[in-house]
Amino acid sequence: MWRQRKFDLIVVGGGPAGTTAARYAAKAGINVLLLEKDRDIGVPVRCGEAASDEGLRIFVEPDPRWIKSVITKLRLISPNGRTIDVDLKQKGYILDRRIFDYDLAQYAAVEGAQIVCKAYVDGLLFDGDKVSGVKGEYLGEPFEVKSKLVIGADGVESRVGRWAGLNTVVKMKDMESAIQKTISGIEVNEHRFDFYMSREWAPGGYLWIFPKGPNAANIGLAVSGKYSRFRSAQRYLDDFLQKTFPDGSVVSTTVGGVPCDKTLKKFITHGLMLAGDSAHMVNPMTGGGIVPGMRGGMLAGETAAEAIKEGDTSEKYLNRYAKKWHKVGGRNHERFYSIKETVSKLTDEELNSICDAVEKIPPEERTIGKVFRKAIFKKPSLLVDVMKVFAGV
Amino acid sequence: MIKIKPGKCDFCGCCVAVCPVDCIELKEADISIDYNICIDCKLCLYICPIEVFEDVETAEV
């Protein structure tokens, strides 16, 4: 029984970051317990469910069972309704996260990690200043489980980090207040992502249509916390749906916060590492968090196994994880953050004029890199950051 | 002070993430505010995508 055992590693949270951390840690030979507060892994889905083929392949072989749409095109819609289509160099997917997350948990379990659902963690155990386990409630009964290490993959609200003294609070301007409805009985291009950029539709964020086959789509938007106080995300979305898909059926609604921030300065302390949304690892420009979360999870899981084997779970040792994260993604995220900051300040007139300029690139020559390069001429302050990110695209 | 409208919450954690004093408790399908800790900053009200919170006069509660 897991409640009576002591573990090398406890992972809190069963999303992609948590299950990937558990998987790689167990694979490296340490014993792992993963605690999920909800009754099912993968439910409820709080996500637009988009991910790139290239990103997913680092960790898993894409499986038709969890791919709802294969995306080859991207459409940007300007405030005045102009559309710009761009062919994607690398294909993307719209996933069914319920099946995807479940499979990720399966991979972790197969490697030997023990997964428990309906286990609500409400505090940490400490040995001096070192995290030494978790406490919580399971089916109405309190529990305490000791471990040499804890990984907090408890999502945007990360309280695990806070309990250990890490500042995980998301600043209002960097928090995107998001809502999405899965609409059925409509016609959409099943191979295209649509992005609406306008202060009118989604100030400080964007509105998306992500197809799930030819007759359904995840339609959602995110509004920056800077603006959500004046009008809620729900009202913006209801307006759009009323105008655009008045006859569609809403088969699912989900809401959530997306931390479009730089990665936390400090997401490690003695005996504890954070991974995924909890460490603010989301790509701050796109709001995409599946692949970055899995990357963080993998690095944290591997580092956990090394730390256990070396017998050193100090903050100093665990900082290897932060260094690795920074090397593979963190630095780019800082650049994406600067781009987000600039783009979110563009007025609708500026966005229109950028789209006018981009439209002059012949469709067959359009790449995301070229679209950005064109945008730079209209808004030179984007130059430095975009060059750094897209050099070579 | 901030009040939770019953039956509206989807338990997404958006409010917990911006709360500067960690006074919101969110379980699987249960949300509550610890008023001993709450500083009435209203950030939860401002960030909630679906208007779960309302700002009421203290006398009403």
Side-chain angles (χ1 to χ4, degrees), chain A residues 36-40 43-44 46-47 117-122 136-137 154-159 161-163 167-180 220-238 253-259 261 277-278 280, chain B:
Chain A
E36 162 58 44
K37 75 173 157 59
D38 284 324
R39 56 174 282 198
D40 293 290
V43 183
R46 295 199 188 283
C47 186
C117 290
K118 271 186 99 69
Y120 180 70
V121 172
D122 61 13
E137 210 181 288
D154 54 332
V156 63
E157 66 263 39
S158 187
R159 299 182 73 201
R162 290 195 197 198
W163 294 325
N167 183 9
T168 63
V169 179
V170 186
K171 293 186 292 293
M172 285 296 271
K173 79 177 181 69
D174 293 329
M175 181 60 122
E176 293 284 328
S177 177
I179 180 165
Q180 171 178 281
L221 57 81
V223 176
S224 162
K226 217 160 59 175
Y227 304 103
S228 60
R229 60 191 294 174
F230 306 112
R231 195 154 182 266
S232 70
Q234 181 171 41
R235 287 180 197 244
Y236 281 104
L237 185 61
D238 286 348
T253 301
T254 184
V255 301
V258 187
D261 193 3
D277 284 18
S278 64
H280 303 190
Chain B
M1 73 189 288
I2 296 294
K3 213 179 129 190
I4 298 164
K5 295 183 211 161
K8 281 201 101 174
C9 182
D10 194 47
F11 316 105
C12 76
C14 197
C15 53
V16 180
V18 296
C19 177
V21 292
D22 198 19
C23 73
I24 304 170
E25 184 82 12
L26 200 65
K27 285 195 190 174
E28 192 175 11
D30 187 25
I31 180 171
S32 59
I33 296 174
D34 185 340
Y35 289 104
N36 294 319
I37 307 173
C38 177
I39 54 168
D40 206 28
C41 70
K42 308 191 203 316
L43 295 188
C44 52
L45 171 76
Y46 298 151
I47 203 71
C48 180
I50 49 173
E51 303 175 25
V52 167
F53 302 94
E54 60 185 330
D55 194 12
V56 297
E57 295 294 325
T58 314
E60 285 178 42
V61 178

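Chain naming here is simple, since letters A, B, ... match the order of the sequence lines and numbering starts at 1 in each. The shown structure was predicted, so the numbers you read here are calculated from the model rather than taken from an experiment.
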Problem set entry | Side-chain donor or acceptor of B:Lys5 paired with backbone N/O of B:Glu51 under 3.5 Å | yes
For this session: Indicate yes or no for a side-chain donor-acceptor contact from A:Ser158 to the backbone of A:Thr168 under 3.5 Å, with no hydrogens or angles considered.
Result: no
Exercise. Would you say the side chain of B:Lys8 lies within less than 4.5 Å of the side chain of B:Ile50, judging by non-hydrogen atoms?
Worked result: no
Exercise. If you tally heavy-atom pairs under 4.5 Å against chain B, which of A:Arg235, A:Arg159, A:Arg39 wins?
Worked result: A:Arg159
Problem set entry | B:Cys48 versus chain A, the contacting section by heavy-atom distance below 4.5 Å | backbone
For this session: Heavy atoms only, distances under 4.5 angstrom: which of A:Pro259, A:Gly225, A:Gly256 has the most pairs with chain B? Name it, please.
Result: A:Gly256
Exercise. Hey, are the side chains of B:Cys19 and B:Val21 touching, using non-hydrogen atoms and a 4.5 Å cut-off?
Worked result: yes
For this session: State, yes or no, whether a side-chain contact exists between B:Cys14 and A:Val255 at a heavy-atom distance under 4.5 Å.
Result: no
For this session: Using heavy atoms and a sub-4.5 Å threshold, report which of residues 169-180 of chain A line up against chain B, by residue number.
Result: A:Val169, A:Val170, A:Met172, A:Met175, A:Ser177, A:Ala178, A:Ile179
Exercise. Would you say B:Asp10 and A:Arg46 make side-chain contact, with heavy atoms under 4.5 Å?
Worked result: yes
Seminar exercise, completed: If one checks every heavy atom of B:Leu45 against chain A at 4.5 Å, the contacting part turns out to be neither
Problem set entry | Heavy atoms of other groups near A:Arg162 CZ, more than 12 under 6.0 Å | yes
For this session: Without swapping roles, check the side chain of A:Tyr120 against the backbone of B:Leu26 for a donor-acceptor pair under 3.5 Å.
Result: yes
